[in-house]
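Since this is a predicted model, take the numbers as computed values, not measurements. Convention: sequence-line order gives letters A, B, ...; per-chain numbering from 1.
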Amino acid sequence: MKPPSFDYRRPTSVPEALAYLEDLEDAKILAGGQSLIPMMNMRLARPHTLIDINGIAELKAIREENDHIIVGALVRHYQLQFNRVLQRQVPMIGQAERLIGHEAIRTRGTIGGSLSHADPQAELPVLATLLDWDMVVQSRQETRSISAREFFLSYFVTALAPNELVTAIVMPRQKARGHIAEYAIRSGDFALAIAAVTLSTTPTGLVESFSVALGGIGDVPWRNPEWECQWINEASTNDLFRDIAESITHEIEPTDDFNASADYRRKLVSHLVLEALKEIGLAQSTDDGTLTQRRLP
Amino acid sequence: MPNTSTPFTGRPIPRMEDPHLIQGQGTYVSDIHFDHQWVMALVRSSHAHALIKDIRCGTAAKIPGVHAIVTASEYPDLKRRLPGMEPMAPPILAYDRVHYVGQPIVAILADSRYIAEDAADLVEIDYEPLPAITNAEIAARDENLLHPEFGTNVLEHFEKQSGDGVQALRTAHHVVNATLRMGRVSAQPMEPRALAAQYDPSSGELLVYHATQSVHRAQERIANLWGMDPEKVRVVAPEVGGGFGVKNGSYPEEALVTYLAKTLAQPVKWSGDRFEEFFGTYQEREQVHHVTLGFSQEGMIVALHDTYYQDNGAFAGGGMLVSQNTARNIPGPYRIPNLYIEGYTVMTNKVPQAPYRGAGRPQGHYIIERMLDRAADQLGWDRLELKMKNLVAPKDFPYATGIEGVTLDSGNYPRVFQDLLEELDIDAFRMRQSEARQQGIRLGLGVSNSVEISAGFGFEGVRFQLNPSGQILLTTGATNQGQGHRTALAQLAADALSIPMEQVTVIEGDTGRIARSIGTFGSRTIIMAGNAVRVAAQGFIDKTRAIAADLLEAHVDDVVFDNGQFFVKGVPSVSHDWKALADAWQSQSHPEWPTHEDYFSSSSATYGFGSHGVIIAVNPSTAAVRIERYVILHDSGRVVNPLLANGQVIGGAVQGLGSALYEEMLFGPDGEPLTTSFLDYRLPGANEMPDIEVYHRDYPAPSNPEGYKGVGEAGIIPSQAIMLSAVEDAFRDVGLRLDYAPITPGRLFKSLQERGENA
Ligand SMILES: Cc1cc2nc3c(=O)[nH]c(=O)nc-3n(C[C@H](O)[C@H](O)[C@H](O)COP(=O)(O)OP(=O)(O)OC[C@H]3O[C@@H](n4cnc5c(N)ncnc54)[C@H](O)[C@@H]3O)c2cc1C
């Protein structure tokens, strides 16, 4: 469990990092190291050079711009959890963070690392898919923006080219109430299934907007806007929630492995979607007009 | 100054070793660095069963910093069979055939583990795969042989019978059958196995630092294997970070490190990593039992019949003992007048089995406890009443269980069990359970009784030495892997010599410091070394009385020792303490300090007892089990230090709950292990565990002078039985039956699905 030898660079600016990415053979970005270093120790990843971006100050900021929040790629899990702007504008993040690993991991791991690593059991890719985040991606040649639904391609595979760096994540303000629910065998484990849901209703109690993203059940976060559409304008009641939770089980083909059968994951998804919807319903019934997260029990 | 304070023994004294360990000042094998040492990494088999066609090391040998690439064909000594693995031992390095994924084939010595692993990556091995045998019952049919030269896959078949044996089942009024299984588990001590050895060619001495539970057994193995005088092999266990039985056996790495250090006259070190803990360290538990239990009309057990198969992995070794010990434990604390038990210990293409904490005790109790639950459920009896009425009662002592050498001798099982039921308040629980069930919340209760059979063989010794300023050095060969012996033995020694504990230094696990020992395992150290302290202290005092006699200018027969003081009988006003003796000795410039070494032997086992109760909540939607409350009533015999004893009992319970709820080594159809990191092999964490409540009901053991009983394995015995019992109870109304431990969420989901319970 020792990594093969590697070279190490520590740029202090984005252009410097991009130059290394461009010029060095088989280089990999090192952010929090919480996924990359274990993979290297197990010799599943064998980069020739590590480009440590922890010295790049401009990747560490959280800014509000119009209707968006722009989060630097190096912002760490614990900052996502406790940042005031995010707590107000994207309260689902703080809720999700509590489910990610343990404090030691959250102190090091970053948003850019989590999204680039693209673990199908990770929480942030699910939120990115649910809340339509855009990844700002730079290479020496260009800066482009990739939407979450185009970013995740397969297990641990993203649309990033080898010479590209995620510099920031652009998040729309969360307009609807949301809830993320998951089931992990032990606290802090990667989840067997994750369900993230947003829902808003009209003053007369009809569904106005509704979205679901799932994690842990396939190679990339699952979402199906067409399926979501059919529930618009329905009366938002517990009966509807149950129908949704039942309907989604027919939409998915979950992974089947020794940790959980496909049937088990399907059942978990249904339960988690229902739990999330009920939580949102409950929050709406006691609505105080803000989206600030409710404390989990 | 006379020491008249209360004795140290029996008090919850915090561990003396903790400040040192918690500040990272402990020295483990991986902290030992010999000058110019070569570090070993191994190339292990990637096949469960295959012929080795070719091994190519050429490119690996060219990496700078690589010193040697070792195969059995180049070093034929390494074709020798590992000692202590009879009757079917593996070669030290596999050369023509491999029998499990993880079996060592090539050893690489390099300047660092990094370089050694780089070289290991470049070794190319051609295999010709053979069909893997991964099921013990199928293997026992001998259709495919693991070791054709051995002639059968069955290492051992044994029978144990008492009373009328299986014939008695005919007289039973009710008969209940079940097939019960336990999955494979891995101990996973925090510190992986490790060794470092240095050979001095001029003196012919081999120094071995070894993360082992038994330095003297290791010394004997190493000396025998390499034809050395045991006096020339010194084995030292420095700090050892957990053992749980798996650091007690004979392993290829021990043979390799010692051989290479000696043959190459070069210090060699191997610190296993977590992968090696999964691939190369022996595992345990995996068994399947076909059981029949017969009852009288009134619900008294008439007879038990059990035929079981233990999946022992690819070779013999300590697993055979586990299989035997399972049989010894099947009756537990219950009266079973007629027994017929037969066990098959069978080889398969997996890592070998070796004793892991419990070592047959959990397996045996799992059978009787689960069968009593099953019988109660099928025959419409109350589970708790059925257990109560079949418990051995105090008036039955000494009670011969029908298994040779197992005679229950002390305690009051029904009373302790009754106390548990009161502590749990069964009636209140049943009400809460049915109310919760109305709201879709599933609560379950499990109870389990167990006897912990400990020690009962061999000896253990200690050596006292008077040191400058009256300090007392106590050495023992029994090593410490985290149990806190240094504190417990210091308590005993301080009381025996009437000195403060700080005046005692305990050193364990060094063959250079004491002649003989057996080691720390099977909950034996306090029973054996604890009694030895008392024996040796008397001899030590007798010797040192001679020094006092000199000082007092009296005849030694007139000198008495009382309360830390030596004086002439009847003249306590003129007395000398240990410091005065030490000063006198020093002033006389003797070449050596006074010592006394003595041993305690016993072939009588001790029988601790425990009643455990658990209350759980199951979420039927996720199949998640949450432990609400876990209560233990425990008979530890005479307790030296309640903090340490409770630590053992609680630690055992937590470790057992891991193997009841989460932990299982899974293998693919080709025998490849699937759970090879903590990502998939889930140990219980603090978040998952309740605050375990321990209440003592201590009855001194009649079989040893100090009345000690074992505590090290007590906690882990009932875990699998009790958890399956509780989960079934949560779904009693739908008749849930569980026959496989652990009950992981995935497995519980499936069982509920089969009952139509979670659609
Ligand atoms: C015990 C444990 C438990 C965990 N549990 C969870 C959990 O429950 N849920 C969860 O979501 N995660 C979990 N994690 C993973 C953790 O969240 C990591 O922080 C995260 O996956 C990766 O972030 P990082 O900053 O550490 O990335 P690194 O490990 O540094 O990098 C990961 C990958 O992303 C690439 N990368 C990093 N930053 C960028 C960038 N800006 N641009 C392009 N590529 C980049 C790297 O090259 C590498 O390939 C756990 C980790 C551990 C060790």
Trainee: Taking the side chain as every heavy atom from C-beta outward, state whether A:Phe258 and B:Thr675 have any pair of such atoms under 4.5 Å apart.
Mentor: yes
Trainee: Pick from B:Leu679, B:Leu674, B:Leu661, B:Val625: which one has the most heavy-atom pairs with chain A under 4.5 Å?
Mentor: B:Leu674
Trainee: In terms of heavy-atom pairs under 4.5 Å, which option from B:Thr744, B:Asp121, B:Leu666 contacts chain A the most?
Mentor: B:Asp121
Trainee: Does any heavy atom of chain A fall under 4.5 Å from the side chain of B:Ser112, the backbone, both, or neither of them?
Mentor: neither
Trainee: Please give me the minimum heavy-atom distance between A:Lys267 and B:Ser621, naming the atom from each residue.
Mentor: CE-O, 3.7 Å
Trainee: What part of A:Pro38 lies closer than 4.5 angstrom to a heavy atom of chain B: side chain, backbone, both or neither?
Mentor: neither
Trainee: Let me see the working for A:Asn259 and B:Arg682 under side chain to side chain donor-acceptor pair (under 3.5 Å), right down to the final yes or no.
Mentor: CA-CA 11 Å; A:Asn259 280 314; B:Arg682 299 179 176 84; 3.0 Å; yes
Trainee: Under a 3.5 Å distance rule, please check whether B:Glu688 uses its side chain to pair with a backbone N or O of A:Ser187 as donor and acceptor.
Mentor: yes
Trainee: Taking side chain as everything from C-beta outward and backbone as N, CA, C, O, which of these in B:Tyr114 sits under 4.5 Å from a heavy atom of chain A? Side chain, backbone, both or neither.
Mentor: both
Trainee: Report the distance from atom OG1 of B:Thr676 to atom CE of A:Met42, rounding to the nearest 0.5 Å.
Mentor: 7.5 Å
Trainee: Please indicate whether B:Glu628 has more than 12 foreign heavy atoms, meaning atoms of other residues, nucleotides or ligands, lying under 6.0 Å from its CD.
Mentor: yes
Trainee: Should the heavy atoms of other residues, nucleotides or ligands under 6.0 Å from NE2 of A:His48 be counted, would the total exceed 12?
Mentor: no
Trainee: Shorter than 4.5 Å, heavy atoms on both sides: which option in A:Ser5, A:Ser261, A:Ala260, A:Pro3 has the most such pairs with chain B?
Mentor: A:Pro3
Trainee: Would you mind telling me which of A:Arg43, A:Lys2, A:Arg46 makes a salt bridge (Lys or Arg N to Asp or Glu O under 4.0 Å) with B:Asp118?
Mentor: A:Arg43
Trainee: Using heavy-atom distances under 4.5 Å, tell me whether B:Arg274 contacts chain A through its side chain, its backbone, both, or neither.
Mentor: both
Trainee: Test your reading of the model: is there a side-chain donor-acceptor pair from A:Arg186 to the backbone of B:Asn687, 3.5 Å cut-off?
Mentor: no
Trainee: Nearest 0.5 Å, what's the CG-CZ distance between A:Leu192 and B:Phe749?
Mentor: 11.5 Å
Trainee: Which pair of non-hydrogen atoms, one from B:Asp273 and one from A:Met1, has the smallest distance, and what is that distance?
Mentor: OD2-N, 2.6 Å
Trainee: Would you mind checking which part of A:Asp263 comes under 4.5 Å of any heavy atom in chain B, side chain (CB onward), backbone (N, CA, C, O), both or neither?
Mentor: both
Trainee: Would you say the side chain of B:Gln753 lies within less than 4.5 Å of the side chain of A:Tyr264, judging by non-hydrogen atoms?
Mentor: no
Trainee: Mind checking the CG-CZ spacing from A:Asp189 to B:Phe678? Nearest 0.5 Å is all I need.
Mentor: 12.0 Å
Trainee: Check whether B:Glu117 reaches the backbone of A:Pro4 with its side chain - one donor and one acceptor, N or O, closer than 3.5 Å.
Mentor: no
